[in-house]
2 protein chains.
Amino acid sequence: MSMEKKIGEAGMVLGSQSIAFAKSPYILNAGSVVGNKEAEGPLGKLFDMTNEDDLFGADTWEEAESTMQKEACVLALGKAHKEAAEIRFVFGGDLLRQGIATSMGMEALQIPMFGLYGACSTSGEALALASMSVAAGYGDFMLVVTSSHFGSAEKEFRFPLGYANQRPLSAHWTVTGSGAFLVGTEKSHIRISGVTVGKIVDYGLKDSQNMGACMAPAACDTIVQNLRDFNRKVEDYDRIITGDLGYVGQDILFDLVKQKGYDIREKHMDCGMIIFDQKTQDTHAGGSGCGCAAVTLAAYILPKIKKGEWKRILFVPTGALMSTVSFNEGASVPGIAHGIVIEHC
Amino acid sequence: MSMEKKIGEAGMVLGSQSIAFAKSPYILNAGSVVGNKEAEGPLGKLFDMTNEDDLFGADTWEEAESTMQKEACVLALGKAHKEAAEIRFVFGGDLLRQGIATSMGMEALQIPMFGLYGACSTSGEALALASMSVAAGYGDFMLVVTSSHFGSAEKEFRFPLGYANQRPLSAHWTVTGSGAFLVGTEKSHIRISGVTVGKIVDYGLKDSQNMGACMAPAACDTIVQNLRDFNRKVEDYDRIITGDLGYVGQDILFDLVKQKGYDIREKHMDCGMIIFDQKTQDTHAGGSGCGCAAVTLAAYILPKIKKGEWKRILFVPTGALMSTVSFNEGASVPGIAHGIVIEHC
């Protein structure tokens, strides 16, 4: 909790978990690829690419997810008129065991790669590392990509789709989607001005079908830490946007943040709550997956920042750190959340 | 392949994949924790902590692996007289699905965390990101930790131990071990002078029981790229040390590197080949796992660099990017390798 400030070469180290960049990296462009259900949702018209059968021409859900990642990257690069060879490093990840969607998807691009795992917080983790690398001068352009797929995630964490099991109302619906972001030194109207790196927060919850409750404490921790480290009020942000807490997690987040002396009700938005229409799409607690926050950022949030409709937001993807093995062995589900400060410029 | 050089604030960007640090970060200390078989091996006496039943007081292999990670971190911190609260970020990973050993192991330390996945190359990935963060001024101390466990890895990738299946001679023996490293600005006799970040290299091999062959092309790619980017000859390194290619992978590496015009036979060493005694320990192709390279670096390699016995080495942990799902779906096993230049000072 030390609040001392120390100036590094690339930025200012704030408080115990944050960095403010001396020379902000920019988000030059983004690409979003989603499945059919997402295309039919409230944000459906905003995504760059959709696919009707969710297989994207592949034979398996895993390959379909890899294809989405590759396409999202190609879109982000193409829109910015950049080639893969111009990209210094790619920071990527997904929800599958051994990050296989990323390994398979990124091979074709032949960009030096850092594979990440932060569950559904991975887009935040990747944006933090990419912007840290750009601000430090390690390269002019970095690529960020994350994905999730309803078919591969159900198979990985719950039951294969053919089993047709029932899901509790607290369960999330994994978003089929991939978002990619080009982060670099070239000026755009969107800059990353700072990051707050999350700690693992474990309240001892063991219900993997209620991930909102598992992740809310981590979201609270990172949001409050960000406000303290940057010495800001809630009102200093136009929006505080969590990744996929959903309806259950949002209520818990409001309570937890209030206990710390902040009220974020007016400013909060959750990607998992806006990507689907809960009433007509039967998605229970809301969307989830590391594609959820990524495609919502790419297609819905960044355009608003670009236009200046929102001047400054705190983007906080949240992750539930569990595996089927840990869950079956009775371990709790800790959470992690990373905060990215994104501003219009 | 552009060889232009550009000076960043924290270092010099070299060639297409490398960074030379302007102000080198140091490895201040390291901790190593291993299981019983490793303790009985050729390096057995060098490790900081060993455990006879490989459970480290836990009830499951996964928890045992988490415990090893935590203990390795506590050792690395304790030896350097540092507290967890002084550490800015931890960069960690393991082989298990959703990196669960790291999530469970790191929670207690409450250090802001970046979860990584690079298969057995993860120690290289983590050292690269930690040293990049220190060199950029993002914090005075970073922690790096990786682990693997024979019991949890067999369960994850092959068969539970109780099944007692036979293994082909090309198969590796996953090292039960965790290595942790304290990277920072405080002067020591060991510095990280540069990194070469690996690309995914896929020769289309599909045999997950022959990981040496799957990883050798990636090791070759990173080693040759490092020599080119830094404009060095093989003789400029006292050792070029791969993570866990083993006996099968080493032969392939020698051939591949030779095709590129380099002969590394005199300088090459493989952690997987020295951690076990192949003749008496029945470990087939050699040790593997992201604990293998990490504990060998911590207990065997770094002391030699500290004493000045080796002046400069290239440490190249190698990873086979696969999951049981990708393997069963008939996908190939691509490899990745990251190069870390470590020097006596």
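Values in this document were obtained by computation on a predicted structure and should not be read as measured data. Chain identifiers are assigned alphabetically (A, B, ...) following the order of the sequence lines, protein sequences preceding nucleic acid strands; residue numbering begins at 1 within each chain.
- Interface residue A:Glu125: backbone and side-chain heavy atoms are both found under 4.5 Å from chain B.
- With chain B as the partner, the residue from A:Met132, A:His338, A:Glu62 showing the most heavy-atom pairs under 4.5 Å is A:Met132.
- Below 4.5 Å, heavy atoms of chain A meet heavy atoms from B:Ser103, B:Met104, B:Met106, B:Glu107, B:Gln110, B:Ile111, B:Pro112, B:Met113, B:Phe114, B:Gly115, B:Leu116, all part of residues 103-116 of chain B.
- Atom CD1 in B:Ile100 sits 12.0 Å away from atom CZ in A:Phe327 (nearest 0.5 Å).
- Summarising the geometry, atom CG belonging to B:Leu96 is positioned 10.0 Å from atom OG belonging to A:Ser326; distances are rounded to the nearest 0.5 Å.
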query = How far apart are the C-alpha atoms of B:Arg97 and A:Gln98, what are their side-chain angles, what is the distance that settles it, and do they pass the side chain to side chain contact (heavy atoms under 4.5 Å, CB included) test?
reply = CA-CA 6 Å; B:Arg97 61 186 73 175; A:Gln98 288 81 43; 4.3 Å; yes

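- Comparing B:Asp202, B:Leu129, B:Thr196 by heavy-atom pairs within less than 4.5 Å of chain A, the highest count is held by B:Leu129.
- Heavy atoms closer than 4.5 Å to chain B are found in the side chain of A:Glu156, but not in its backbone.
- Contact annotation for B:Ser332: only backbone heavy atoms (N, CA, C, O) come within less than 4.5 Å of a heavy atom of chain A.
- For the set B:Ala128, B:Ser323, B:Gly319, the count of heavy-atom pairs under 4.5 angstrom toward chain A peaks at B:Ser323.
- Separating the OH atom in A:Tyr117 from the CG atom in B:Asp94 is a distance of 11.0 Å, to the nearest 0.5 Å.
- Counting heavy-atom pairs closer than 4.5 Å to chain A, the top-ranked of the candidates B:Gly118, B:Ser133, B:Gly198 is B:Gly198.
- Using a 4.5 Å heavy-atom cutoff, the side chains of A:Arg88 and B:Val197 are not in contact.
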